[in-house]
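Below: one structure, written as structure tokens.
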Amino acid sequence: MTITIGIDIGSGAVKSALFRVENGRQEWLAKRCERIRRRDPMTLAQEGHDGVLEDAGMKPGDVDYIATTGEGENVKFATGHFYSMTTHARGGVFLHPG
């Protein structure tokens, strides 16, 4: 079983999602979206991270991986970052494997 948080920092919003993958089955546990509106995106990333954990009743130690996309490469607590073209390609393959 793997528990992952994904955080996307876009130009207008910070989106956070928490999900579990077990035996090839994916389950979304929580998600959040905050408009940036003159707020610090890094603060919103932390709030999104904390919020999805709270919504799912989990703790930071329960998470195996934290991935960021978009402008999220400067999120200090992330495990890894994926650039936009990589995420677009992976999304396309996920939706249309053939």
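As the structure is a computational prediction, the values presented were derived from the model and not from experiment. The first residue of the sequence shown is numbered 1, and numbering continues consecutively from there.
- Across all non-hydrogen atoms, the minimal contact from Ala30 to Asp55 is CB-CB, 3.9 Å.
- The shortest side-chain heavy-atom distance between Arg20 and Thr2 does not fall under the 4.5 Å cut-off.
- A 6.0 Å sphere centred on NZ of Lys15 holds more than 12 heavy atoms belonging to other residues, nucleotides or ligands.
- Using a 4.0 Å cut-off between charged nitrogen and carboxylate oxygen, Arg32 and Glu47 do not count as a salt-bridge pair.
- Looking at heavy atoms from C-beta onward, Ile7 lies in side-chain contact with Ile66 at the 4.5 angstrom threshold.
- Using a 4.5 Å heavy-atom threshold, the side chains of Cys33 and Val14 count as separate.
- You'll find the side chain of Leu44 stays beyond 4.5 Å of the side chain of Ile9, heavy atoms only.
- In this structure the side chain of Leu29 never reaches within 4.5 angstrom of the side chain of Val52, judged on heavy atoms.
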Query raised in the report: So Glu73 and Tyr83, side-chain contact (heavy atoms from CB on, under 4.5 Å) or not? Walk me through it.
Result: CA-CA 8 Å; Glu73 65 186 314; Tyr83 291 95; 3.1 Å; yes

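- Considering all non-hydrogen atoms of both residues, Met58 and Leu18 come closest at SD-CD2, 3.8 Å.
- Of the inter-residue distances, the one linking Phe19 atom CZ with Glu27 atom CD reads 12.0 Å to the nearest 0.5 angstrom.
- When side chains are defined from C-beta on, Met85 counts as touching His88, because their heavy atoms get closer than 4.5 Å.
- In the hydrophobic cluster analysis, where Ile, Leu, Val, Met, Phe, Trp and Tyr join through side-chain heavy atoms closer than 4.5 angstrom, Ile5 is grouped together with Met42.
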Query raised in the report: Would Thr4 and Val21 satisfy side-chain contact (heavy atoms from CB on, under 4.5 Å), going step by step from the backbone distance to the final call?
Result: CA-CA 8 Å; Thr4 304; Val21 177; 5.9 Å; no

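- Counted within 6.0 Å of CD on Glu71, heavy atoms from surrounding residues, nucleotides or ligands total 12 or fewer; the atom is thus considered open.
- With a 4.5 Å cut-off on side-chain heavy atoms, Arg90 and Phe82 count as touching.
- Met1 is listed as a side-chain neighbour of Ile3, based on a closest heavy-atom distance under 4.5 Å.
- Criterion: ILVMFWY side-chain heavy atoms under 4.5 Å apart, direct or through other members. Under it, Tyr65 and Phe77 are not part of a common hydrophobic cluster.
- Smallest separation of non-hydrogen atoms from Ser16 and Gly48: OG-CA, 3.4 Å.
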